[in-house]
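So you know, we letter chains A, B, ... as the sequences are listed, proteins then strands, and number each from 1.
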There are 2 protein chains.
Amino acid sequence: MPPRPPLTEPRHHRRVTLADVARAAAVSSATASRALADDARISLTTRGRVRAAADGLGYVPNAAARSLRARATRTLGLLLAELDDPVHAQVAAGFEQEAGARGYTVLIITGMTEPAHERRALKVFVEHQTDGIALVSTILAPAEVMSFARPDRVVFVQADHPSLAGYRLDPPTGSIRAGEVEGIEEAVRYLVASGYRQFAYLGTGATATNLTRRAAVERAMRAAGVRRPLRRFAVGARGWRSGDAIAQRIARSRPEVLICYDDKLALAVMDGLRAQGVDVPGDVAIIGFDGIPFAALSNPRLSTIASPSLEMGRRAAQMLVASIESGSLPSSIVLPVQLLIRDSSPPRRVAA
Amino acid sequence: MPPRPPLTEPRHHRRVTLADVARAAAVSSATASRALADDARISLTTRGRVRAAADGLGYVPNAAARSLRARATRTLGLLLAELDDPVHAQVAAGFEQEAGARGYTVLIITGMTEPAHERRALKVFVEHQTDGIALVSTILAPAEVMSFARPDRVVFVQADHPSLAGYRLDPPTGSIRAGEVEGIEEAVRYLVASGYRQFAYLGTGATATNLTRRAAVERAMRAAGVRRPLRRFAVGARGWRSGDAIAQRIARSRPEVLICYDDKLALAVMDGLRAQGVDVPGDVAIIGFDGIPFAALSNPRLSTIASPSLEMGRRAAQMLVASIESGSLPSSIVLPVQLLIRDSSPPRRVAA
DNA sequence: TTGTAGGCGTTATCAA
DNA sequence: TTGATAACGCCTACAA
């Protein structure tokens with residue numbers, strides 16, 4: 001009896017390599033490599049034969065081998081706080097679109113706003129030799145980030161290290177921000193002109209973005225001649241998920257207008273206020289930040305200072321690719337925000 | 001005059017390699033490799049010396065080289081339609097969390113629900129030799145997907161190829177779905193018991209998920225003894241962004257209850273209906289799908305059939321890792337959904 | 001306990 | 001126009 005083959009077929013066929021293609025096309029692997037790269041030195045006949053062999057065998061180049069040799073990975077790292085957050089999702093979408101369109105693949109890691117996570121993420125990027133890294137709302141000190149990677153291959157989007165708060169200079173390298181301060185000035189001017197005097201700000205933690213926004217509100221108030229101080233509220237550890245608790249505090253205080261750190265928070269507070277029987281905008285007007293899609297669908301529709309999140313993601317990828325391919329990182333940019341006055345903050349009926 | 005060094009420093013120091021570490025520690029690179037891997041055969045002294053050298057030089061292993069040698073990348077591919085979509089973002093978040101916790105890095109690509117994009121994405125995954133691939137709401141035929149990658153290294157989450165619609169079998173490999181049909185049955189039972197008879201369904205395109213949901217509604221209606229047919233509405237190309245146009249059609253038709261393909265759509269329609277002066281739930285009750293966070297914050301709060309999106313993402317990563325490490329892909333699963341009755345679909349005041 | 005050598009799959013240099 | 005060869009950085013079988 002002839003020996004029978006094992007019952008379980010060797011399912012995992014060895015991956016077809018360039019050498020296999022070369023053999024099938026009866027050329028050397030060097031020729032095969034060049035043929036597939038459409039190198040002009042290879043005759044058209046040979047190129048065709050090699051390509052046919054490659055297609056026939058289902059050849060797919062091995063990125064690891066190629067990267068090893070090329071010292072470049074055509075891969076970009078994206079570090080952001082949370083993927084399931086409307087703003088970050090938008091930035092990520094823009095980044096991925098742009099990167100993909102330019103032939104780069106994206107490695108995404110979430111940092112949960114924790115330094116340890118962020119550091120680990122950077123290390124992973126370095127291991128994987130990403131050609132560039134974008135950091136979104138990340139809290140690590142820029143200087144530390146730079147110690148991990150080539151400074152001209154790093155872009156910060158809304159860098160959130162506390163030291164960056166206020167009006168100080170941005171990190172020494174590529175940075176992308178929204179012109180939120182201008183947006184706030186415009187919003188406060190609008191509010192004051194509309195009859196609002198008693199302002200409150202609902203913030204979250206010690207990130208640069210939060211601190212900057214709050215400070216800008218205060219500055220803008222003074223600039224607009226408002227004397228009464230800004231009432232400050234802060235959310236607890238559960239963030240916007242604790243809308244009710246926050247709403248109770250707001251309900252007690254009853255500012256004329258509440259500016260919220262972001263739309264998520266604003267929407268949660270609106271819901272909480274509703275439960276308290278507080279009318280928006282009748283009793284308290286509300287303004288958010290970011291311009292997430294659902295802010296346009298709430299009831300009442302939420303006024304907001306909208307940042308171009310998708311565009312910021314796109315730009316981050318563009319800057320990185322520019323740096324990689326042209327050798328120099330484009331200079332930092334501030335993208336304009338847009339004040340969207342909707343139903344949560346109408347002009348006040350001062351008289352009547 | 002001594003020759004001065006060039007003005008522009010060679011900024012790009014060659015990356016430090018294992019050989020560098022070995023040299024610094026005065027051992028062979030083999031020993032260095034083993035020392036860093038905490039190989040018991042290397043003396044503690046040497047291990048310490050090597051580690052010190054590695055730390056001193058800032059050594060970071062090169063993933064490409066390692067992958068090439070190991071024939072594994074510790075990388076997972078995630079293909080989804082859009083990153084800026086509450087459901088996909090949630091799935092992505094769960095996937096990334098779980099993958100990261102298990103030491104895997106995630107390559108994310110968006111497929112825009114277009115076969116060409118999806119194919120390209122798969123090719124990229126193959127090039128990068130991802131150890132596993134998860135496909136979320138993807139429309140490519142499962143068979144075609146399998147031709148790209150090892151079937152036991154692929155997981156489908158809510159596979160959306162039209163052939164998968166209805167109650168047919170799932171793809172032959174790992175699949176993760178929400179038990180939406182059961183959820184729909186429960187919802188319809190609730191609605192009928194609450195006095196609703198005139199149903200409408202607002203859907204979107206020919207994906208398996210949409211077709212399955214619509215069919216399930218019809219089946220459940222019949223099972224509940226409803227005779228009147230289901231009125232069908234479909235959104236146009238702009239999807240949920242055209243809430244107003246859809247709302248006009250709904251306003252004209254005035255079904256007693258409108259079940260929407262997903263929460264996004266439901267929220268958009270609610271906004272459009274409001275503009276039309278149609279009261280929800282007074283004139284039309286509304287139920288959505290997915291259970292996205294903002295569904296809980298709308299006014300009125302949206303009733304919905306909630307899928308465990310985050311968990312589905314987690315499970316996808318778990319299944320892949322299990323397959324990679326234990327050699328066999330766990331069997332397909334259906335995760336239970338949860339019917340959340342909120343304010344957009346209260347029991348009807350039938351009498352009075 | 002440590003070292004030597006070879007190969008993972010590509011591409012680039014040099015030679016033919 | 002094509003081919004042989006080396007090297008990218010790592011790991012491990014084998015030798016010492």
Q: Extract, from 5' to 3' on DNA chain C, the first and final nucleotides lying under 4.0 angstrom from some heavy atom of chain B.
A: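 From 5' to 3', the first and last contacting nucleotides are C:dT1 to C:dG9.
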
**Q.** Angle between terminal axes - the helix from C:dT1-D:dA16 to C:dA16-D:dT1, 5 pairs each end, rounded to 10°
**A.**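 About 40° separates the two local helix axes.
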
Q. So, are B:D38 and B:R47 salt-bridged, with charged N and O less than 4.0 Å apart?
A.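 Yes, B:D38 and B:R47 are salt-bridged.
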
Q. When you match B:R47 and A:P61 each to their closest nucleotide on DNA chain C, which lands nearer the 5' end?
A.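 Mapping each residue to its closest nucleotide by heavy atoms, the 5'-most match is B:R47.
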
Please table the atom pairs, donor to acceptor, closer than 3.5 Å between any side-chain atom in residues 51-65 of chain A and protein atoms at least two apart or in another chain.
residue	atom	partner	partner atom	Å
A:R51	NH2	A:L36	O	3.2
A:N62	OD1	A:A64	N	2.7
A:N62	OD1	A:A65	N	3.1

Interatomic distance, [X] [atom1] vs [N] [atom2] [rounded to whole Å]:
X	N	atom1	atom2	answer
B:I42	D:dT12	CD1	P	13 Å
A:L18	D:dT5	CG	C1'	15 Å
B:L36	D:dC10	CG	P	10 Å

Q | Neighbours of DNA chain D within residues 62-71 of chain A, by heavy-atom distance under 4.0 Å | A |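 Residues of residues 62-71 of chain A under 4.0 Å from DNA chain D: A:L68, A:R69, A:R71.
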
Every protein N/O within reach of nucleotides 13-16 of chain D N/O, cut-off under 3.5 Å:
residue	atom	partner	partner atom	Å
D:dA13	N6	B:R34	NH1	3.3

Suppose we screen for side chain to side chain donor-acceptor pair (under 3.5 Å). Which residues come up paired with [X], at least two apart in sequence or across chains?
X	value
B:R119	B:E144
A:T17	none
B:E114	none
A:T113	none

Q. Taking only side-chain nitrogens and oxygens of A:T31, does any of them come within less than 4.0 Å of OP1 or OP2 of D:dT1?
A.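 No, because none of the side-chain N or O atoms of A:T31 sits under 4.0 Å from OP1 or OP2 of D:dT1.
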
(Q) Please confirm whether the shortest side-chain N or O distance from A:S43 to OP1 or OP2 of D:dT2 is below 4.0 Å. (A)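 For D:dT2, OP1/OP2 do have a side-chain N/O of A:S43 under 4.0 Å.
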
Q) Is a side-chain donor-acceptor pair under 3.5 Å present for B:T138 with B:E118? A)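 Present: a donor and an acceptor within the cut-off.
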
Q) Cut-off 3.5 Å, side chains only: do A:S163 and A:H161 have a donor facing an acceptor? A)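 Yes, A:H161 and A:S163 have a side-chain donor paired with an acceptor closer than 3.5 Å.
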
Q: Select from A:L44 and B:A19 the residue whose nearest nucleotide in DNA chain D is closer to the 5' end of that strand.
A: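 The residue mapped nearer the 5' terminus is A:L44.
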
(Q) Mind checking if B:S33 touches a base, just sugar-phosphate, or nothing, with heavy atoms under 4.0 Å? (A)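 The answer is base, as B:S33 lies within the cut-off (heavy atoms under 4.0 Å) of a base atom.
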
Q) How about A:V124 and A:I109: do any of their side-chain heavy atoms sit closer than 4.5 Å? A)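 SC-SC contact between A:V124 and A:I109 confirmed.
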
Q) So, B:D131 side chain and B:T73 main chain: donor-acceptor pair closer than 3.5 Å or not? A)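 Here the side-chain-to-backbone pair exists.
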
**Q.** Pairing residues for A:S137 by the side-chain contact (heavy atoms from CB on, under 4.5 Å) criterion, not counting sequence neighbours
**A.**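 A:H88, A:Q158, A:D160.
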
Q. Residues two or more places apart in sequence or in another chain: which of them pass side-chain contact (heavy atoms from CB on, under 4.5 Å) with B:R102?
A.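 Listed in chain order: B:E98, B:Y104, B:Q318, B:V321.
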
**Q.** A:R74: salt bridge (charged side-chain N to carboxylate O under 4.0 Å, His left out) partners, not counting sequence neighbours
**A.**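 Counting only residues at least two positions away or on another chain, A:R74 forms a salt bridge (charged side-chain N to carboxylate O under 4.0 Å, His left out) with A:E325.
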
